[in-house]
Protein chains: 2
Amino acid sequence: MSENGTLRRGRPGYDRQGILDVAVAAFNQYGYDATSMGVLAERLGLSKSAIYHHFASKDEMLDHALDDALSGLERVVDETDAAGGRAADRLDRVLRGAVHVLVAQLPEVTLLLRVRGNTDVERRALERRRAFDKRVTALVEEAQHEGSLRTDIDARVVSRLAFGMINSIVEWYRPGGRENADRLADDVIAIALDGLRMPTSNRIEDFSV
Amino acid sequence: MSENGTLRRGRPGYDRQGILDVAVAAFNQYGYDATSMGVLAERLGLSKSAIYHHFASKDEMLDHALDDALSGLERVVDETDAAGGRAADRLDRVLRGAVHVLVAQLPEVTLLLRVRGNTDVERRALERRRAFDKRVTALVEEAQHEGSLRTDIDARVVSRLAFGMINSIVEWYRPGGRENADRLADDVIAIALDGLRMPTSNRIEDFSV
């Protein structure tokens, strides 16, 4: 069980955010549908009515968690737009920013990436995800037009593959591991923008490690 | 429904592969745990005992589907190893081959990527996935040592991010869409090996579309 569980427990323990954290962890572990209010109450050591004091429904918890993840991502694009500059540099900042949001809000982003549109809350979240994707695709197109990015790959495919790479981080990243967010963001940018190949790649002779 | 379905057997006609195709589609749609034999029987228009004639259990269906996906991926690395050549060229072939397996066996690979290790069958599949990942990581290391790939990114991170990009294709790829497997494989290789940036990327003047 979470460290929270051992610290807090009993009555006193959980504020609204604490309840949400435990709920999101359970949704990610068992699936949203499979996680009942009863299961959450047990995990929290609270009565169901104590949970209802903070959230009207499981759906409201989901809504909050997805909004946290989406707001984080949207803020990255908003701030980048506001700062201006070359499209390629803005794309760099958006990709880096997305890695940071993912690492900082790993459970919420994990939940977001598993949403399939089964409820109104999920459909609204997917709608916002699509709007975000469109803004990234528009940025890729702008960078292609300004001559900074190669134009032989469709901008939608570029943004899907770049975010496929970023989103896959939720599958293996664990906080406190050897890679921190800055390093991961550098790696993603290095691969996406400059590729893995050595600039002078046809030689086999030198062993540079 | 699959072309197989119309050709074969008993009721309307499912052979073993036809049953498996319908089962895998249901597992992907509803989740493996949530899909009962009863639901499958209803979808197929067969009795449960007609299904049991082909598969001893739901677990056996899962095992077969996961084996299809894993065998496809393992074959790509086996054949590449057998062909030999520079590590960078072998990595190119492995990444391309993986995209082709993913597109050719989209439902089975989708199922594989959702496996979380809840049963023995799932744990064995995860074990094979990890072995595959290790072979790819070893290939990345070899390409770094031979001087073909940049050495400033950890080989494990490289293989995770590259396969993150490839695996994300299951999220949006639909057969018959504008991108075929060859084109997709080209795009993945172009981004992973050479990156998105134009070689002479500091200019803004020319608009090449």
Side-chain angles (χ1 to χ4, degrees), chain A residues 29 31 33-34 86-88 91 113-114 116 140-141 143-154 156-158 160-173 178-179 183-184 186-209, chain B residues 29 31 33-34 86-88 91 113-114 116 140-141 143-154 156-158 160-173 178-179 183-184 186-209:
Chain A
Q29 187 174 354
D33 292 327
R86 287 205 321 159
L91 182 63
L113 294 176
R114 293 184 186 168
R116 290 286 171 266
V140 171
E141 272 169 354
Q144 288 176 327
H145 281 283
E146 85 184 4
S148 326
L149 293 195
R150 59 194 302 160
T151 55
D152 58 339
I153 309 179
D154 184 277
R156 268 169 312 178
V157 174
V158 166
R160 280 169 171 164
L161 291 176
F163 269 85
M165 183 157 62
I166 290 172
N167 293 337
S168 73
I169 294 170
V170 304
E171 301 292 333
W172 56 271
Y173 183 80
R178 303 186 339 156
E179 298 273 321
R183 182 62 210 262
L184 256 183
D186 285 345
D187 292 349
V188 165
I189 295 296
I191 297 177
L193 295 189
D194 296 316
L196 292 166
R197 210 190 297 272
M198 292 282 269
T200 51
S201 159
N202 281 322
R203 71 225 147 82
I204 309 187
E205 63 285 8
D206 78 31
F207 288 70
S208 47
V209 186
Chain B
Q29 188 174 353
D33 292 326
R86 288 205 320 158
L91 182 64
L113 294 176
R114 293 184 186 167
R116 290 285 172 267
V140 171
E141 272 169 354
Q144 289 176 328
H145 282 282
E146 85 184 4
S148 325
L149 294 195
R150 59 193 302 159
T151 55
D152 58 338
I153 309 179
D154 183 277
R156 268 170 309 179
V157 174
V158 166
R160 280 168 171 165
L161 291 176
F163 269 86
M165 184 157 62
I166 291 171
N167 293 337
S168 73
I169 294 171
V170 305
E171 301 291 332
W172 57 271
Y173 183 80
R178 305 189 332 160
E179 298 273 323
R183 182 61 209 263
L184 257 183
D186 285 346
D187 291 349
V188 165
I189 294 295
I191 297 178
L193 296 190
D194 296 317
L196 293 166
R197 211 191 296 273
M198 293 284 269
T200 50
S201 159
N202 281 321
R203 71 224 147 81
I204 309 188
E205 63 286 6
D206 79 30
F207 287 71
S208 47
V209 186

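Throughout, a chain's letter reflects where its sequence line sits, starting with A, and its residues are numbered from 1. Worth saying up front: this structure is predicted, and the values here are computed from it rather than measured.
- Only the side chain of A:I169 comes within contact range of chain B, with at least one heavy atom under 4.5 Å from a heavy atom of that chain.
- The heavy-atom pair separating A:I153 from B:A190 by the smallest distance is CD1-CB, 3.9 Å.
- Atom CE of B:M198 sits about 6.0 Å away from atom OG1 of A:T151, to the nearest 0.5 Å.
- The shortest heavy-atom contact between A:D154 and B:R183 is N-NH2, 4.4 Å.
- Using a 4.5 Å cut-off between heavy atoms, B:N167 does not touch chain A at all.
- Shortest non-hydrogen contact noted between A:S168 and B:L161 is OG-CD2, 4.5 Å.
- Ion pair B:R116/A:E171 flagged as a salt bridge, since at least one NZ, NE, NH1 or NH2 atom sits closer than 4.0 Å to an Asp/Glu carboxylate oxygen.
- Looking at A:D152, only its backbone comes within 4.5 Å of chain B, counting heavy atoms on both sides.
- With a 4.5 Å cut-off on non-hydrogen atoms, A:D194 touches chain B through its backbone and its side chain both.
- Heavy-atom pairs under 4.5 Å with chain B were tallied for A:D186, A:I166, A:V157; the largest tally goes to A:V157.
- No donor-acceptor pair closer than 3.5 Å links the side chain of A:R150 to the backbone N or O of B:I191.
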